[in-house]
Number of protein chains: 2
Amino acid sequence: MSTKTDAGLHLTETLEDYLEIILMLSLQMPTVRVRDIARLKGVRMPTVTWALRRLAEKQLVLYAAREYVELTARGGEIARSVAGRHRFLSAFLVKILGVAPKVAEKDACGLEHHLSPQTLDRLAALVEYVETCPEVQKDFLTRFRYCFTQPKPSSAACRRSDCRTDRARRGEDPDLISLGTLPAGAQGTVARVHVSVKRRPMLIRSGLLPGTVVEKVSPPSLRRPALIRVDGQDLKLTAAEARSILVARIPDGEEKTGVGE
Amino acid sequence: MSTKTDAGLHLTETLEDYLEIILMLSLQMPTVRVRDIARLKGVRMPTVTWALRRLAEKQLVLYAAREYVELTARGGEIARSVAGRHRFLSAFLVKILGVAPKVAEKDACGLEHHLSPQTLDRLAALVEYVETCPEVQKDFLTRFRYCFTQPKPSSAACRRSDCRTDRARRGEDPDLISLGTLPAGAQGTVARVHVSVKRRPMLIRSGLLPGTVVEKVSPPSLRRPALIRVDGQDLKLTAAEARSILVARIPDGEEKTGVGE
DNA sequence: GAACACTGTTAGAGCAATCTAACAGAGGTT
DNA sequence: AACCTCTGTTAGATTGCTCTAACAGTGTTC
Ligand SMILES: [Mn+2]
Ligand SMILES: [Mn+2]
Ligand SMILES: [Mn+2]
Ligand SMILES: [Mn+2]
C-alpha cells in the first residue's frame, strides 16, 4: 500500500540514516529518545534536534520538543526500506562475499543510499539464484571460498586439472594468458588476480580489477619482475605475481585507451 | 609505488568525483579547463573554482588561477583508483547483474565512494570466479538470465524437474515452502521472489529481499490473497504472488524480531 | 527545600558545496 | 581603437549538517 505521494521527496543520506536509527530504536525500546539517537549515530544532541525538525517538516516523524519521537506511516515505510537494504547488503557482503562483519556493516550503511530499485532487484536476484538454483548452489560458495581464501596463490588446494586458472598458468588455456608471458607492448584485460591473500588487496587497489585494460611494458619473462601500465600508471610486479595474473589478450590493432568514456 | 602518505586524508564524495572527472578529461583532451569540468559535473564554473582550490590545498592538483589544471602524482593515483572502482562497478552491474547501462552508470558513481578495500577485493574475487571458474562459468550467467528474465513467473522456460524453485512450488522441496502454504503465525526467511519481472521490483522495494524474516498472517490458501507482515508492516499479496514467493521456514520457538541489531 | 544529575533545547558558530551577479582578461572583428 | 565574445574569478548568499556553550526542565538525594 505504498501511497504514491513520493512526489519530489529527496532525502539526504544523513536523514535516511536518522530514520533507520529511529526504527531500530523503536524496536529495541518502548520509547525513542534524542539521547539514544545521538549515541547510536555518534553525534551530539543538538544535531539530533536539528534532524528531527527537518524530518517533522517532511512529515516523516512525529516530534514535539521534549516529547518522545515516533515515525509516521510514511517515515516508517522509508525507514523499513532503508533498513531492509542495509540488512540485505550486509548479509550479501558477509555471507556471499565473505567480508568481515564489522567492515560489511559499515560499507552496507554507506552503500544503502545509492542503490536504484533496479540494481537492488538484480542484486537480490543474484543472491536468490546463488542460494536456490541447484546447479549453481551445490557448492558455489564452497568453491568460491576454496579458490579465493588460500593464503598462497599456487597452493595445492587449487591445483586441479580442471581449474581454468591453473590451466591458464600452465599455458593450456586458449583465452587467458599470464602477465608473465604477455609480450611487450601487448594489451589485455585483467581476468584473474591469483596472488596471495595478503598481497591481493594491494594490487586490487592499484587498479588491477577484472576488466581493467593493462599494457605490458617489459618483455615476457617467467623469472624477472614485470613492468606493466594500468591507466597510464606504471606498476612493477614480482615475477611470481606476473605469472599469477591472468589476462584476456586484446588483439593488436584493437588497443583501448585507459579510462575512456 | 603507492607512497604511504595517506595519513589522514579524507576526501569527500564530491572531491573524489572532481578528481575522477579531471582524469577523464585529461585523457580526452590535451588540456583540462574549468569550463569542461563544470559541464561534465553539471555545476557552474565558480563551484569548480572552489573545488580546485580545495584540491590544490591538498596537493592533489596543480592549479593557478586562469591556468590549465593538472593532476599531481598523488591526485592521479586517487583519481585512477576512483575511476577504476567506477568502471569495475559499472561493468559488474551491467555485465553480471544485467542492469541498464544508464542506471548502472549512475549507481556506480554513487557506490564507488563507499567500498572498503576489503569489499572491493571480495567483489572483484566474485567476478573473477564467475568469469574464470569452469564449473561455474559454463553457463552461470546464461542460467541466471534464463531464470530471472522471464516475464511471467511460471513460464515454461523455468519448468524443469531439477529447478529448485519449481520443485518448491510443487511442494517437493524439503527446505523451501511457498508463502501460500505457510501456516498462519509461522515465520520464514525469503529465499526466492519468483513473480513477474513487472511486479518484482515493487515487492523487492516493499522489503521482500532474500533473508528478510516474514510472518504469515492469513491462513494458508492457494486461492485467496495472502496477508503477511514484514518488518512490522502488513503486506497483501495476490494468491499467485504468494504461491511464487518461497521462504525457508523458521521453526516455531525461534521467532525473530524484525530489524534487530 | 537545596543541590545534583540527566535530558533536551536555543543560540551562535563553522565547514562543505552550491548558486547568482558582477567583474576582469584575452582574442578576434570591424 | 573600440567592441564583442568567451572564459574564469571574486564576492556574497544559501543550504545542509555538525559543533560548543549556555540555559531550561524534571526527577533524585540528602
Ligand atoms: Mn547509511
Ligand atoms: Mn544503515
Ligand atoms: Mn562518484
Ligand atoms: Mn564516478
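Since the model is a prediction, treat every value here as computed from it, not as a measurement. Just so it is clear: chains get the letters A, B, ... in the order the sequence lines come, proteins before strands, and each one is counted from 1. Both backbone and side-chain heavy atoms feed into the values below; hydrogens, waters and symmetry mates do not.
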Within less than 4.0 Å of OP1 or OP2 of [N], is there a side-chain N or O belonging to [X]?
X       : N      : answer
B/Lys41 : C/dA17 : no
B/Thr49 : D/dT9  : yes
A/Arg44 : C/dT7  : no
B/Thr47 : C/dC19 : yes

Check this for me: A/Arg44, atom CZ, are more than 12 non-hydrogen atoms of other residues, nucleotides or ligands nearer than 6.0 Å? no
Taking the side chain of [X] as its heavy atoms from C-beta onward, which of [options] lies nearest to it?
X       : options                : answer
B/Arg35 : D/dT7, C/dT7, D/dT9    : D/dT7
A/Arg33 : D/dC19, C/dT7, D/dG8   : C/dT7
A/Tyr18 : C/dT20, D/dT18, C/dT18 : D/dT18
B/Val34 : C/dT18, D/dG8, D/dC17  : D/dG8
B/Met45 : D/dT7, C/dT10, C/dG8   : D/dT7

Might you point out which heavy atoms bring B/Ser90 and B/Ala108 nearest each other, and give the distance in Å? N-CB, 3.7 Å
Could B/Arg122 and B/Tyr129 be counted as a cation-pi pair, given that NZ or CZ must be under 6.0 Å from the ring centre and within 45° of the axis? no
Take the protein atom [atom1] of [X] and the nucleotide atom [atom2] of [N], then report the distance between them rounded to whole Å.
X       : N      : atom1 : atom2 : result
A/Trp50 : C/dG8  : CH2   : P     : 19 Å
A/Leu52 : C/dG8  : CG    : P     : 10 Å
A/Glu16 : D/dC17 : CD    : P     : 11 Å
B/Ile37 : C/dT18 : CD1   : C1'   : 16 Å

By the 4.0 Å heavy-atom rule, please label B/Thr14 as base, sugar-phosphate, or nothing. sugar-phosphate
May I ask you to say what A/Arg53 touches in the nucleic acid, namely base, sugar-phosphate or nothing, with a heavy-atom cut-off under 4.0 Å? sugar-phosphate
In residues 50-70 of chain B, what donor-acceptor pairs under 3.5 Å come from side-chain atoms, sequence neighbours left out?
from    : atom 1 : to      : atom 2 : distance (Å)
B/Arg54 : NH2    : B/Glu57 : OE2    : 3.4

B/Arg200/A/Asp121 salt bridge by N-O under 4.0 Å criterion: yes
If the threshold is 4.0 Å, N to carboxylate O, is there a salt bridge linking B/Glu77 and B/Arg74? yes
Got a sec? Which of residues 55-71 of chain B come in under 4.0 Å of DNA chain D, heavy atoms? B/Tyr63, B/Ala65, B/Arg66
Under 3.5 Å donor-acceptor, B/Gln118 side chain and A/Ala100 backbone: yes
